[in-house]
Each structure stands twice: as C-alpha cells, then as structure tokens.
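In this text, all values refer to a predicted model and were calculated from it rather than measured experimentally. Whatever order the structure lists them in is the order used to number ligands and atoms, beginning at 1.
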Amino acid sequence: MLDEITQRKVAVIGGGAAGMMAAATAAEYGAAVTLYERNDRFGKKLRITGKGRCNVTNDCNMEEFLANVPRNPRFLYAALSAFSTEDTKAHFEALGVPLKTERGRRVFPVSDKAADIVSAMERYCRDLGVNMVNRRVTGLSIEDGCARGVRVGQMTEEYDAVIVCTGGRSYPLTGSDGDGYRFAQQAGHTLIPLRPSLVPIVCAGNACSRMQGLSLKNVTLRMVDTKNGKTVYEEFGEMMFTHFGITGPLVLSASAHVPDLAPGRYEAQIDLKPALDEKTLHDRILSDFAKEINKNFENALDALLPRKMIPLVIEASGIDPYKKVHSITREERGALVQTLKCFRVNPTGFRPIDEAIITSGGVSVKEVSPKTMESKLVSGLYFAGEILDVDAYTGGYNLQIAFSTARLAGMHAAE
Ligand SMILES: Cc1cc2nc3c(=O)[nH]c(=O)nc-3n(C[C@H](O)[C@H](O)[C@H](O)COP(=O)(O)OP(=O)(O)OC[C@H]3O[C@@H](n4cnc5c(N)ncnc54)[C@H](O)[C@@H]3O)c2cc1C
C-alpha cells in the first residue's frame with residue numbers, strides 16, 4: 001500500500017486515446033490519478049476511428065514507422081522504443097481484445113468494433129483506480145515554473161503533475177476543439193500553426209461536382225508538383241468525387257504529402273486503368289470499338305467507364321462526342337488512352353480543419369523532452385497525443401503516436 005502522503009497526484013486532461021493511456025500508466029506506476037473528460041463519454045473520437053473499426057496500430061518496425069511520420073519523426077524515437085507497435089498489440093490482447101492484421105499491416109480488433117477498444121481502455125483505467133471525471137478543464141495552475149494543478153470551473157484542483165492530452169482541432173464535435181493549445185500557450189509554449197492533414201481536397205471548376213457521388217475503385221492517384229513535374233505522391237486504391245472536389249482514402253493520404261497546397265501548385269492525375277499499359281489499353285479500346293462501329297463515340301464508352309465520367313473524359317480527350325466510332329482516328333484513340341491514363345483535376349486547397357482526420361502543427365516539440373514528454377518550460381507539465389506537433393499518414397500510426405507518447409508521459413509524471 002502506497003503511503004498517501006508520498007503518492008504523487010497526477011491530473012490528465014482529455015479522455016481520448018492518449019489521455020486514457022496516460023492516466024492508466026501513471027496509476028500503474030503508483031500515482032493517484034484523476035482523468036478529466038469534458039464529454040459525458042470517454043473516447044468519443046476513438047469510437048469513430050477507422051470508420052468505426054479502429055485501426056489501432058500498424059504492424060511495422062521502427063524504421064518503417066518513422067517513414068510514415070512526415071512531421072518530426074525523430075522526436076518519437078524514445079516514445080516508440082518505450083512503447084512499440086508490438087507493445088500496443090500485446091496491450092490490447094492482454095486487455096481481452098483480439099486483434100487482426102489487414103492489408104498494409106493495419107491492425108484492427110477482430111470484432112471490427114472501435115467500441116471494444118474504448119471499453120478496454122476504460123476498464124484498464126478503472127481497474128487501476130483512475131478517478132474518471134466528466135468535467136471540462138478550463139485552465140492550468142502554474143506557479144514558479146511548476147505545474148500545480150488544473151482549473152475546473154471556478155476552482156483550482158491541486159496536483160503534482162498535469163498531462164495535457166486534449167487532442168487536435170479536427171472533428172470538434174468529438175470534444176477536441178483546441179482547449180489544450182490555449183493551456184500550452186498559457187504555459188509559454190510555442191504553437192506551430194495548425195493545419196488540416198488527412199483532409200479532403202477542393203478542386204477548381206465544376207468537373208468534380210458533375211461527378212458528385214462517384215466512387216472510383218482500383219485507380220492510381222498521383223500528385224504532381226507543377227513547379228518541377230515531380231510526382232510527390234502515387235498510390236493505388238479508392239477515391240471519390242464530391243460537390244467540392246475529391247475525397248476518399250487515396251485523397252486523404254495524398255493531402256498529407258502536399259502541405260503547401262495552393263491553387264496551381266499541384267496537379268492531381270488519376271490513372272483510371274492502372275492495370276493496363278498504354279498499348280494494352282489501346283488494343284482494348286480497339287476491340288471495344290469494333291463491337292460499336294456505328295455508334296456515336298459518346299455511346300461507345302459504357303464498358304470502359306462509369307456513366308458519370310463519360311462526358312468529362314470525352315471533353316478532356318477533345319474528341320467530338322457525336323463522331324461515329326468507325327471514323328475515330330488512331331491519333332484520337334491515342335488521346336483517349338492519354339486521358340484514361342492521366343485524368344487531370346486541379347486542386348485549389350484543403351477542406352477546413354474541422355473535416356480533417358488529423359491536425360498538423362501544435363505544441364512545438366523543441367520545447368518538450370522526447371524522453372519524458374515533460375515541458376522544458378514548466379516542470380511537472382506533460383503533453384501527449386495529437387496536441388504535439390507530430391502527425392503521420394493513415395494506417396494506424398496516429399493512434400500509435402498517441403499511445404506511445406502517453407505511455408512515456410504517464411510513466412514520468414508518476415515518478
Ligand atoms: C474520423 C477519424 C478517423 C480516424 N481513424 C484513425 C484510425 O483508424 N487510426 C489512427 O491511427 N488514427 C485515426 N484517427 C486519428 C486519431 O483519432 C487521433 O490521432 C487520436 O484520437 C488522437 O488522440 P488524442 O488522445 O491525442 O486526442 P483525442 O482522441 O481527440 O482525445 C482528446 C480528448 O480530450 C478531450 N478534451 C478536450 N479539451 C478538454 C478539456 N478542456 N477538458 C477535458 N477534456 C477535454 C476531448 O473531449 C477528447 O475526448 C482518426 C481521426 C478521425 C477524426
């Protein structure tokens with residue numbers, strides 16, 4: 001039994017992925033922990049992760065992991081060493097949530113239910129005696145460069161250490177609407193400007209809105225830097241057209257590779273037939289056209305393209321839609337092949353941060369110890385999770401970052 005007088009009192013602000021991990025860890029290491037969550041439920045965002053299935057981590061090694069972190073990967077080295085992707089898997093299995101690994105080494109609960117992850121985390125906290133409180137923290141109490149407690153309503157509640165796990169600024173209805181950034185600034189921390197990442201992309205013109213609702217499977221999306229013609233992103237998968245532009249898994253991933261997206265800066269190129277090289281595609285078109293020789297061009301593309309796309313592909317190819325198929329020239333077929341292999345849309349910007357999966361930017365990692373997650377400016381103050389200026393691509397990396405940084409913060413806050 002720990003002596004109550006020597007037992008450290010730790011407050012954790014935010015009952016999401018990082019907060020629950022930090023709270024349970026600090027309790028495991030002997031602290032008396034109170035976890036504050038402003039919502040009436042814990043893990044509200046966690047419940048909607050991975051389309052409700054929760055891609056809890058990625059089954060990869062350190063090097064591969066860090067290659068998927070575009071912002072400040074080196075900062076995570078100690079955290080990932082202390083609590084690795086293997087540890088995350090073992091952790092949830094031990095909490096009674098069997099896991100499975102899918103394409104791209106994405107790890108999910110076998111049940112496909114994010115709620116199972118949340119229940120396991122809540123149970124983990126309660127079993128370790130964490131005091132789980134559904135209240136909003138309104139500020140920090142800092143005296144002489146030390147964290148002394150948290151403000152809740154008009155009251156100051158005293159603690160020996162405070163861990164801020166309030167998340168980012170995206171999907172604010174889940175509770176993460178930016179309080180923590182205010183707390184960090186109050187403590188004197190520098191905030192790296194916030195920016196949406198893993199976010200839908202707005203495109204110029206009305207091409208996308210004309211194809212609104214159309215989902216493309218098995219296509220390749222390329223993002224090409226118009227300054228130097230370099231491809232900065234290329235991936236095979238699924239995407240969708242909307243009234244404002246493009247979205248879907250490929251597009252969200254692409255957005256993280258083009259942080260400086262501005263009108264004209266990048267071109268999005270869609271290979272609609274990535275499985276066929278140009279010659280094979282040309283032959284395929286020829287054989288399709290042989291069955292439709294007396295039809296107008298516009299009526300001869302049904303086997304090749306989804307209906308909503310046909311008028312736009314025709315416009316891009318420059319071929320007269322009313323031309324009879326038998327009189328289409330070899331050059332025109334070549335133009336059609338080019339259009340199918342490289343259908344262009346012009347991104348002009350991102351959708352707002354509210355619609356982003358991830359907030360990029362946040363508490364500058366220069367002012368946080370990577371070995372403990374403690375503030376270098378205020379002793380006893382810790383940060384973990386999305387509030388930090390680290391973010392990753394899709395694939396379970398972001399939750400792993402939350403768990404690893406929280407684990408370190410919890411261990412050291414309890415010391
Ligand atoms: C739709 C969607 C799907 C996603 N899918 C995945 C996925 O499958 N895999 C993956 O790795 N990542 C995924 N992510 C990203 C992942 O959810 C986040 O990286 C992760 O939740 C960050 O954890 P966190 O604990 O830092 O923040 P959060 O999970 O946002 O938790 C912060 C908590 O703090 C609380 N809070 C805020 N302010 C206060 C306050 N003043 N007082 C008390 N409580 C407060 C909030 O209510 C919230 O519960 C997804 C994100 C979204 C939006």
Side-chain angles (χ1 to χ4, degrees), residues 11-23 34-58 65 68-69 85 88 102 104 106-109 112 114 117-118 121-122 132-140 150-153 157 162-184 186 196-200 247 249 252-253 256 353-360 362-363 373 383-388 390-407 409-410:
V12 179
I13 314 173
M20 285 193 278
M21 178 61 90
T34 300
L35 172 60
Y36 294 90
E37 168 52 53
R38 62 188 284 185
N39 292 321
D40 51 8
R41 297 174 90 194
F42 287 79
K44 212 168 166 185
K45 185 173 276 179
L46 200 47
R47 287 171 202 274
I48 58 164
T49 53
K51 293 193 177 142
R53 299 201 303 132
C54 189
N55 178 191
V56 78
T57 186
N58 194 286
F65 194 101
N68 279 280
V69 182
T85 58
T88 297
E102 296 190 356
R106 291 162 193 245
V107 180
F108 293 88
D112 284 330
I117 296 288
V118 181
M121 296 285 291
E122 281 190 86
M132 299 174 80
V133 179
N134 293 99
R135 298 200 62 188
R136 180 179 189 168
V137 170
T138 51
L140 303 177
V150 295
R151 299 276 303 160
V152 183
E157 301 187 357
V162 177
I163 311 177
V164 184
C165 302
T166 45
R169 257 233 38 219
S170 64
Y171 278 63
L173 291 179
T174 61
S176 25
D177 65 359
D179 273 358
Y181 299 124
R182 250 192 326 106
F183 304 159
Q186 181 198 345
S197 186
L198 306 181
V199 64
T247 189
L252 300 183
S253 294
I353 202 162
D354 289 13
E355 295 175 32
I357 300 290
I358 285 291
T359 304
S360 185
V363 174
M373 296 298 140
F383 296 98
E386 201 174 323
I387 187 169
L388 289 163
V390 271
D391 59 81
Y393 301 141
T394 56
Y397 306 102
N398 286 297
L399 281 174
Q400 180 65 47
I401 291 172
F403 296 141
S404 296
T405 52
R407 186 80 188 159

- Message: Below 3.5 Å, N or O to N or O, backbone or side chain included: is there any such pair between Ile48 and ligand 1?
- Response: no
- Message: Are any of the N/O atoms on Arg136, whether in the backbone or the side chain, positioned under 3.5 angstrom from an N/O atom of ligand 1?
- Response: no
- Message: Just to be sure I read this right, does ligand 1 sit under 4.0 Å from the backbone of Lys45, its side chain, both, or neither, counting only heavy atoms?
- Response: side chain
- Under a 4.5 Å cut-off applied to non-hydrogen side-chain atoms, are Met121 and Phe403 in contact? yes
- Message: Between ligand 1 and Ala384, is the shortest N or O to N or O distance under 3.5 Å?
- Response: no
- Message: Check this for me - ligand 1, Ile357, N or O atoms closer than 3.5 angstrom, yes or no?
- Response: no
- Item | Enumerated ligand 1 atoms positioned under 4.0 Å from heavy atoms of Gly385 | 26 (O)
- Is the backbone N or O of Ser170 less than 3.5 Å from a side-chain atom of Lys45, with the two atoms forming a donor-acceptor pair by type? yes
- Item | Sidechain-backbone polar pair: Asn55 side chain, Thr57 backbone, donor-acceptor under 3.5 Å | yes
- Does ligand 1 have a heavy atom under 4.0 Å from the side chain of Asn39, from its backbone, from both, or from neither? side chain
- Query: Are any of the N or O atoms of Gln400 closer than 3.5 Å to those of ligand 1?
  - Reply: no
- Under 3.5 Å between some N or O of ligand 1 and some N or O of Ile358? no
- Item | Best match, Cys165, Ser170, Gly14: closest heavy atom to atom 32 (C) of ligand 1 | Cys165
- Query: Between the main-chain N or O of Gly104 and the side-chain N or O of Asn58, is there a donor-acceptor pair closer than 3.5 Å?
  - Reply: yes
- Note on the structure: For Asp179, the ligand 1 atoms with a heavy-atom partner under 4.0 Å come out as 38 (N), 40 (C), 41 (N)
- Task: Pull out every atom of ligand 1 sitting under 4.0 Å from any heavy atom of Glu386, numbered as shown with elements.
- Result: 18 (C), 19 (O), 20 (C), 22 (C), 26 (O)
- Any N/O of Asn55 closer than 3.5 Å to an N/O of ligand 1? yes
- Message: Is it the case that ligand 1 has an N or O less than 3.5 angstrom from some N or O of Ser176?
- Response: yes
- Message: Any nitrogen or oxygen of Tyr171 lying under 3.5 Å from a nitrogen or oxygen in ligand 1? Just yes or no.
- Response: no
- Message: I'd like to check whether Val137 has a polar contact with ligand 1, where a contact means an N/O of the residue lying under 3.5 Å from an N/O of the ligand.
- Response: yes
- Message: For the residue pair Arg53 and Phe108, would you count it as a cation-pi contact if the rule is NZ or CZ under 6.0 angstrom from the ring centre and within 45 degrees of the ring axis?
- Response: yes
- Message: Heavy-atom distances under 4.0 Å decide this one: backbone, side chain, both or neither, for Thr174 against ligand 1?
- Response: backbone
- Enumerate the atoms of ligand 1 whose separation from the nearest heavy atom of Gly50 is less than 4.0 angstrom. 3 (C), 4 (C), 5 (N), 6 (C), 7 (C), 8 (O)
- Donor-acceptor under 3.5 Å (Thr405 side chain, Ile401 main chain): yes
- Query: For ligand 1, is any non-hydrogen atom under 4.0 Å from Arg135's backbone (N, CA, C, O), its side chain (CB onward), both, or neither?
  - Reply: backbone
